[in-house]
Student: 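Below: one structure in structure tokens.
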Amino acid sequence: MIFPGDNVVLEDIAITFQWYSYDSVLNYHLQVANDSDFLTIIVDDSLLSDTYYNLSGLILGEEYYWKIKVNTTGGQAPWSVIRSLIVFSP
């Protein structure tokens with residue numbers, strides 16, 4: 001995971017999530033949620049081929065959580081650590 005880091009405060013309602021590339025990747029699976037248990041998922045894309053994802057329409061004052069996993073020719077990796085961010089208006 002490259003960006004955003006954990007506990008980041010953003011001043012924009014749009015963000016580009018970025019993560020590292022891996023050898024033999026079939027796809028990446030990104031989840032973004034409003035809660036750390038991922039019960040309210042707002043992004044669930046399991047067919048990503050790029051190492052980034054653009055998301056807009058974030059709500060000021062809201063906290064978001066994100067995680068990623070990799071599906072390779074050798075199998076599916078476990079989920080990454082969960083990172084959080086909050087959207088704040090200066």
Side-chain angles (χ1 to χ4, degrees):
M1 301 168 80
I2 299 174
F3 185 82
D6 195 23
N7 298 313
V8 169
V9 176
L10 298 176
E11 295 180 359
D12 196 347
I13 59 170
I15 187 172
T16 299
F17 294 93
Q18 298 175 330
W19 51 88
Y20 294 104
S21 63
Y22 292 90
D23 293 333
S24 306
V25 168
L26 298 174
N27 53 41
Y28 301 95
H29 187 172
L30 172 69
Q31 286 188 342
V32 180
N34 290 107
D35 60 283
S36 60
D37 293 325
F38 287 79
L39 299 175
T40 309
I41 295 174
I42 59 172
V43 173
D44 186 15
D45 195 335
S46 62
L47 299 175
L48 296 169
S49 58
D50 293 317
T51 56
Y52 65 89
Y53 184 89
N54 296 312
L55 179 61
S56 61
L58 299 174
I59 300 171
L60 293 175
E62 289 287 321
E63 190 164 8
Y64 297 90
Y65 301 85
W66 72 289
K67 61 185 179 179
I68 189 98
K69 69 178 169 178
V70 180
N71 187 19
T72 70
T73 54
Q76 194 173 79
W79 285 108
S80 66
V81 297
I82 296 170
R83 290 189 174 176
S84 66
L85 62 101
I86 189 165
V87 182
F88 176 74
S89 179

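Predicted model only: the values in this text are computed from it and were never measured.
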Student: Who pairs with Asn27 by side-chain contact (heavy atoms from CB on, under 4.5 Å), at least two apart in sequence or on another chain?
Tutor: Leu47, Asn71

Student: What pairs meet the side-chain hydrogen bond (donor to acceptor under 3.5 Å, both in side chains) rule with one or both residues in residues 47-59, with sequence neighbours excluded?
Tutor: Thr16-Asn54

Student: I want to check something: taking the side chain as every heavy atom from C-beta on, are Ile41 and Val32 in contact at a cut-off of under 4.5 Å?
Tutor: no

Student: Can you sort out the partners of Asp37 under side chain to side chain donor-acceptor pair (under 3.5 Å), two or more places apart, ordered by chain and number?
Tutor: none

Student: Can you give me every donor-acceptor pair (side chain of residues 75-84, partner residue at least two apart or in another chain, under 3.5 Å) with its distance?
Tutor:
residue	atom	partner	partner atom	Å
Gln76	OE1	Lys69	NZ	3.0
Ser80	OG	Ile68	N	3.0
Ser80	OG	Ile68	O	3.3
Arg83	NH1	Pro4	O	3.1
Ser84	OG	Asp6	OD1	3.4
Ser84	OG	Asn7	OD1	3.0

Student: ring-ring contact (aromatic ring centres under 6.0 Å, His included) with Tyr65: which residues, sequence neighbours excluded?
Tutor: none

Student: Does some side-chain heavy atom of Ile13 sit less than 4.5 Å from a side-chain heavy atom of Leu60?
Tutor: yes

Student: For a 4.5 angstrom cut-off between non-hydrogen side-chain atoms, does Leu30 reach Val43?
Tutor: yes

Student: Rounded to the nearest 0.5 Å, what separates atom CG in Asn34 from atom CD in Glu62?
Tutor: 5.5 Å

Student: Go through the steps to decide whether Ile42 and Trp66 satisfy the test side chain to side chain contact (heavy atoms under 4.5 Å, CB included), and finish with yes or no.
Tutor: CA-CA 10 Å; Ile42 59 172; Trp66 72 289; over 6 Å; no

Student: Under the ring-ring contact (aromatic ring centres under 6.0 Å, His included) test, which residues partner Tyr28, sequence neighbours left out?
Tutor: Trp19

Student: Does a side-chain heavy-atom distance below 4.5 Å link Leu26 with Thr72?
Tutor: no

Student: In the single-linkage hydrophobic clustering (I, L, V, M, F, W, Y; side-chain heavy atoms under 4.5 Å), do Phe38 and Val70 co-cluster?
Tutor: no

Student: Given side chains that start at C-beta, do those of Phe17 and Leu85 come closer than 4.5 Å, heavy atoms only?
Tutor: yes

Student: Considering residues at least two apart in sequence or located in another chain, which fulfil the side chain to side chain donor-acceptor pair (under 3.5 Å) criterion with Asp44?
Tutor: His29, Gln31

Student: Using the side-chain contact (heavy atoms from CB on, under 4.5 Å) criterion, which residues pair with Phe3? Sequence neighbours excluded.
Tutor: Leu10, Ile15, Gln18

